[in-house]
Structure formats: C-alpha cells, structure tokens
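Step one of this worksheet: look at the structure below.
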Amino acid sequence: MTTTFPDVTISTERLVLRPFEEDDVTALTEMMNDENITAWTSVPHPYTRADAHAWATRESHTERAEGRGIVFAVTEFLTQRLVGIVHLRNTNWRTRATEVGYVTAPWARGEGYASESVLAVAQWLFREQEFERLELRTAADNTASQQVAQKIGCISEGVLRNAWTVRTQTTDGGWTDTRTDLIVWSLLPEDLDEGDGYDGYDGYESYESHESHRSHDTHGGPGGHPGDAVAGQRSDAHGHPVGADRK
C-alpha cells in the first residue's frame with residue numbers, strides 16, 4: 001500500500017502549486033510575520049529567516065517523505081510570486097483521510113486564491129490519489145477561513161469545544177493565548193461530484209511530477225522559482241495544528 005504522496009506540481013488557470021524551494025525563504029519570512037497569520041496560527045513570532053529556511057528546505061519536504069502529508073507552495077502562474085501555502089497533514093493511509101491547512105499572504109487576499117488552491121488539491125486528492133475524506137478545522141471566530149470552507153463545498157460537522165488556542169494582541173503590542181472552539185468541516189468525493197467547482201472554476205488543469213515540472217521550467221515554462229486574513233484550518237507553517245486557519 002502506498003504510504004507517501006507523489007512529488008507533484010499542480011497547475012490551475014492562475015496558480016502553480018509546487019514543493020517549497022530555498023528561493024522561497026525571503027517571501028515566506030515576510031508572509032508568516034503578518035498579524036493575521038500570527039493571530040490564527042501557532043507559527044513562531046517573530047518568524048525568522050532561519051524558521052523559513054528550515055521549512056522551505058527541510059521540514060516541508062519531510063512531511064511527504066515520512067508519509068504524514070504533503071506541502072504545496074502556492075504561487076501565481078504569471079509572476080511566480082508566493083501567495084500562500086496548502087498543507088495536507090495527519091494523513092491516515094488506511095482510511096484514506098487527511099486534514100488540510102492553508103494560509104494566504106496579505107498581498108494576495110481577496111483574489112480567491114485560497115479557495116482555488118484548496119479545491120485543486122482536493123480534486124487531485126480524490127480523483128488521482130483515491131482518498132475518501134478531507135477534513136478542516138477552523139477557529140470559531142476565523143470567518144475568513146470558514147468562508148473558504150463553505151465556498152469549496154465543505155460540510156460543517158460540529159464543534160470541538162475549547163479545543164485550541166489563538167493569539168490576541170495586547171495593548172502593549174504583545175501577544176497572549178486565548179482558548180477557542182474549533183469548527184470541524186469535511187469534504188468527500190461526492191461533495192465535489194455534486195458541485196464540481198464554484199463560480200465556473202473547475203479545479204486543477206494538470207499535474208505532473210515535480211522533477212518533470214522543473215525540467216519544463218528550464219525551457220521557459222511557467223511555475224519556476226517564485227517571486228484574506230489567513231485562510232484555512234489553523235495549520236502552522238510547521239505543520240503543527242493551530243486554530244482557525246491552521247500550516
């Protein structure tokens with residue numbers, strides 16, 4: 001039985017989702033120091049260049065290699081700029097179920113990138129990897145993340161009471177942890193069959209092995225080196241569960 005995801009790149013009309021690279025470190029550092037990402041995720045604060053380098057060059061790749069999930073750097077097709085992260089985590093290979101987390105860079109919010117990228121990953125997961133369940137967990141007050149879940153067709157299943165902590169800013173500019181409920185959402189293959197996209201968007205256009213994609217890029221193809229409030233379940237940039245927009 002396969003227990004690791006393939007090393008792939010997924011393309012949509014506007015985005016390229018690929019593994020992280022060392023050239024992403026500067027953009028990743030800037031993105032992860034955004035206030036909303038600090039508030040809704042458990043990433044270190046401040047998020048240092050060393051944190052970003054470890055994630056881009058080692059930790060994100062370990063997620064796939066060790067069978068825990070897969071991490072995609074979400075980049076714009078035209079500019080190759082890093083606009084977010086989609087992270088499949090806590091993967092159960094026996095039940096073919098996994099959990100998704102996603103964040104969106106402050107400079108890319110309001111463009112629908114979170115919904116487009118997560119939907120593309122969900123379609124690839126169900127249609128190509130034959131998974132049966134995708135789960136999200138959003139903090140009770142993270143409405144931006146909840147809107148993404150609703151937009152791609154997720155069903156709200158219930159509330160985990162007092163199950164997580166988020167960070168709120170204090171009057172002196174610091175941050176303090178606050179308990180919060182988590183809303184559990186799910187997406188099944190039949191949910192996509194019923195809706196199959198939103199607002200005319202039908203998900204991914206293609207996928208290929210990452211090595212094949214890199215070779216294509218050297219010949220002028222798209223998707224080479226990259227350049228809202230946080231959207232998605234609270235998965236931090238290190239794969240640790242967070243709240244609303246959780247890694």
Side-chain angles (χ1 to χ4, degrees), residues 1-12 15 17-19 60-74 84-103 114-139 142 145-160 163-164 181-199 201-210 231-236 239-247:
M1 182 180 70
T2 300
T3 56
T4 59
F5 287 113
D7 191 11
V8 298
T9 292
I10 298 173
S11 297
T12 72
L15 303 171
L17 287 71
R18 55 159 177 76
S60 64
H61 303 280
T62 300
E63 289 287 292
R64 189 189 72 83
E66 295 185 351
R68 297 195 298 267
I70 188 170
V71 178
F72 293 99
V74 182
I85 303 169
V86 176
H87 181 184
L88 298 183
R89 58 185 298 279
N90 291 337
T91 303
N92 187 317
W93 291 97
R94 187 180 68 82
T95 62
R96 310 300 283 185
T98 190
E99 183 179 342
V100 66
Y102 42 97
V103 296
S115 300
E116 182 172 333
S117 58
V118 176
L119 179 60
V121 170
Q123 291 179 328
W124 168 79
L125 181 74
F126 292 149
R127 295 172 182 173
E128 309 300 336
Q129 301 304 306
E130 299 182 341
F131 267 60
E132 297 295 335
R133 175 181 170 87
L134 183 63
E135 184 173 304
L136 296 80
R137 298 184 179 193
T138 66
N142 192 339
S145 182
Q146 292 160 24
Q147 288 169 359
V148 170
Q150 293 170 331
K151 192 171 185 179
I152 66 174
C154 293
I155 303 300
S156 175
E157 295 184 333
V159 176
L160 300 177
W164 201 251
D181 296 342
L182 288 178
I183 301 174
V184 179
W185 306 78
S186 69
L187 190 68
L188 306 183
E190 53 264 37
D191 298 328
L192 288 187
D193 292 340
E194 292 173 4
D196 203 21
Y198 62 90
D199 296 338
Y201 172 68
D202 294 323
Y204 71 86
E205 293 186 332
S206 66
Y207 72 96
E208 56 188 333
S209 73
H210 183 51
Q233 113 205 78
R234 288 193 120 219
S235 222
D236 66 27
H240 303 132
V242 224
D245 226 30
R246 305 162 58 165
K247 206 201 77 312

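Computed from a predicted model, the values in this text were never measured in an experiment. In this chain, numbering begins with 1 at the start of the sequence shown.
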**OP:** Would you sort out whether V71 and R89 count as a side chain to side chain contact (heavy atoms under 4.5 Å, CB included), showing the intermediate values?
**Re:** CA-CA 8 Å; V71 178; R89 58 185 298 279; over 6 Å; no
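- Between the CD atom of Q147 and the OG1 atom of T138 there is a distance of 11.0 Å, given to the nearest 0.5 Å.
- Minimum heavy-atom separation, R64 to P6: CD-O, 3.8 Å.
- The minimum heavy-atom distance between I152 and S115, with the atom names listed, is CG2-O, 3.6 Å.
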**OP:** Give the intermediate values and the outcome of side chain to side chain contact (heavy atoms under 4.5 Å, CB included) for residues Q150 and W185.
**Re:** CA-CA 9 Å; Q150 293 170 331; W185 306 78; 3.7 Å; yes
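- Atom CG of N92 sits about 9.0 Å away from atom OG1 of T98, to the nearest 0.5 Å.
- Between E63 and L88 the shortest side-chain heavy-atom distance does not fall below 4.5 Å.
- Annotation: the span from L187 atom CG to L119 atom CG amounts to 8.0 Å, rounded to 0.5 Å.
- Scanning both residues, T91 and G69, for their nearest heavy atoms gives OG1-CA, 3.5 Å.
- Here E157 pairs with R133 under the salt bridge (Lys or Arg N to Asp or Glu O under 4.0 Å) rule; sequence neighbours left out.
- Between F131 and W93, the two ring planes are perpendicular [angle over 60°; tilted spans 30° to 60°].
- With rounding to the nearest 0.5 angstrom, the NZ atom of K151 is 9.0 Å from the CD atom of E116.
- Of all the heavy atoms in I183 and S156, the pair that sits closest is CG2-OG, 3.6 Å.
- The structure places CG of L125 at 10.5 Å from CD of E130, a figure rounded to the nearest 0.5 Å.
- Interatomic distance, D7 CG to H61 NE2, rounded to the nearest 0.5 Å: 8.5 Å.
- For the side-chain contact (heavy atoms from CB on, under 4.5 Å) with F72, the qualifying choice from L15, V118, V8, T9 is V8, the only one to do so.
- Minimum heavy-atom separation, A122 to L134: CB-CD2, 3.9 Å.
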**OP:** Report the C-alpha separation of T95 and E132 in whole Å, then their side-chain angles, then the decisive distance to 0.1 Å, and conclude whether the side chain to side chain contact (heavy atoms under 4.5 Å, CB included) test is met.
**Re:** CA-CA 8 Å; T95 62; E132 297 295 335; over 6 Å; no
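- Between Q123 and L192 the shortest heavy-atom distance is CG-CD1, 3.5 Å.
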